[in-house]
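See below for the structure under consideration.
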Amino acid sequence: MKKTKIYLGLAVLAVASIILVSADHIDAPSTRGTTADIADFYGFEPTPGSNNTVFVVDVQSSVLPELPYGEFDENVLVEINIDTDGDLVEDRVIQAIPRDGRMYFFGPVAPGQTGLDSQVLVNSPLGDVEISGASAITETTSNGVKLFAGPRQDAFFFDFFQFNAVIGGMAPGGFKTSAEAENTFANANTMSIVVEIPNSVLGTTTATNALGTPVYKTWVTTNVKQ
């Protein structure tokens, strides 16, 4: 089986129950501002009448609209790790990697190995979609998986300048109200990868929360080719 060796570049942990949201935007020096920089990771449980779970991975949080659209790095593998038994070790993974203007997805299957190294699971294709530009392009596979990859407006709301003023002791009034605050990320884009997947494809989980409701514990990693 053909596999490509990958080295871990950055990991963000988020535990999923009903809705998971992990916001980042300020990473370690080795990854900050690089194409492997993870901005946000969102996961949403099925809405009423749906049996689909949605994962959203945003990378590269500084793609400004006055600049050319950002590009996914073909040397960066994005991997959604899924723990189904509650031990915080990935049991299944969904992978995304760009090639020649398309984003290719693999999984969800058991990884070849757990931990910091990964391999592209080319024998387990999930589907692929053209990477969007100004207009959004989605693809629906034969088993009901919906895929998207491309630039989107950054959903993160944060008054970074007021935050620095508060931390620096230069804002005795503290933080501004929501009406007064200025969203530093209002005109910024991020490169998004979206997977909407039926739970029947995602697989079953034995982990439960305090109410006995089944949950997936998930986190995302970006891996740089060796």
Side-chain angles (χ1 to χ4, degrees), residues 1-4 6 11-22 38 40-59 72 77-99 102-115 118-132 136-150 152 155 192-223:
M1 179 170 64
K2 180 181 178 182
K3 299 179 179 179
T4 303
I6 304 294
V12 173
L13 175 65
V15 177
S17 54
I18 296 177
I19 294 178
L20 68 86
V21 176
S22 177
I38 301 172
D40 294 293
F41 175 42
Y42 305 94
F44 303 95
E45 71 169 357
T47 57
S50 170
N51 291 314
N52 294 353
T53 294
V54 179
F55 298 110
V56 181
V57 182
D58 291 341
V59 296
F72 290 105
L77 171 72
V78 175
E79 190 166 70
I80 300 170
N81 301 273
I82 303 164
D83 168 28
T84 62
D85 57 15
D87 63 357
L88 297 181
V89 176
E90 63 270 31
D91 299 296
R92 298 168 72 83
V93 295
I94 299 173
Q95 299 178 332
I97 192 166
R99 286 290 183 272
R102 299 190 71 84
M103 186 68 70
Y104 292 87
F105 296 81
F106 303 91
V109 294
Q113 62 189 85
T114 60
S118 294
Q119 296 172 323
V120 180
L121 302 170
V122 295
N123 285 353
S124 301
L126 181 63
D128 62 277
V129 63
E130 180 181 347
I131 295 174
S132 295
I137 301 171
T138 61
E139 190 75 39
T140 302
T141 68
S142 59
N143 55 2
V145 178
K146 297 181 180 180
L147 306 171
F148 169 84
R152 295 284 86 186
S192 292
I193 297 170
V194 183
V195 180
E196 180 178 342
I197 185 168
N199 284 356
S200 58
V201 178
L202 188 59
T204 58
T205 174
T206 60
T208 59
N209 61 18
L211 299 177
T213 303
V215 300
Y216 294 100
K217 293 181 172 65
T218 72
W219 61 99
V220 63
T221 60
T222 51
N223 304 267

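Below, each value reflects all heavy atoms present in this structure, side chains not excepted, and no hydrogens, waters or symmetry copies.
- Distance check, rounded to the nearest 0.5 Å: OG1 of T53 to CG of N199 gives 3.5 Å.
- A donor and an acceptor atom, one from each side chain of D85 and T206, are nowhere located under 3.5 Å apart.
- No donor-acceptor distance shorter than 3.5 angstrom exists from the side chain of Q95 to the backbone of L77, with no hydrogens or angles considered.
- Residues V56 and D40 are not in side-chain contact: their nearest non-hydrogen atoms beyond the backbone lie 4.5 Å or more apart.
- Using a 4.5 Å heavy-atom threshold, the side chains of R152 and D58 count as separate.
- S132 is listed as a side-chain neighbour of I137, based on a closest heavy-atom distance under 4.5 Å.
- Between the side chain of D91 and the backbone N or O of T84, at least one donor-acceptor pair lies under 3.5 Å.
- Across every non-hydrogen atom of T141 and L126, the tightest pair is CG2-O, 3.4 Å.
- Taking the side chain as every heavy atom from C-beta outward, V54 and V195 never approach each other to under 4.5 Å.
- Atoms CD1 and CG, from I97 and N223 in turn, are 9.0 Å apart once rounded to the nearest 0.5 Å.
- Of all heavy-atom pairs between P111 and V93, the closest is CB-CG1, 4.1 Å.
- Here the shortest heavy-atom pairing between L121 and G112 reads CD2-N, 4.2 Å.
- A distance of 12.0 Å separates CG of L147 from OH of Y104, quoted to the nearest 0.5 Å.
- Here the side chain of R92 pairs no donor or acceptor atom with the backbone of I82 at under 3.5 angstrom.
- The closest donor-acceptor contact from the side chain of S124 to the backbone of F106 lies at 3.5 Å or more, if one exists at all.
- Taking OG1 from T138 and CZ from F148, the interatomic distance works out to 8.5 Å, rounded to the nearest 0.5 Å.
- Between I94 and L202, some side-chain heavy-atom pair lies under the 4.5 Å cut-off.
- Note that the NZ atom of K146 and the CD1 atom of I197 stand 13.0 Å from one another [nearest 0.5 Å].
- Contact annotation: the side chain of E196 never approaches that of F44 to less than 4.5 Å [non-hydrogen atoms, C-beta and beyond].
- Between F105 and V129, the shortest heavy-atom contact is CE1-CG1, 4.0 Å.
- Listed here is the closest heavy atom pair of E90 and Q113: OE2-O, 4.3 Å.
- Looking at F72 and I193, their side chains come closer than 4.5 Å, going by heavy atoms from C-beta outward.
- Put simply, the side chain of I131 reaches to within 4.5 Å of the side chain of P98, judged on heavy atoms.
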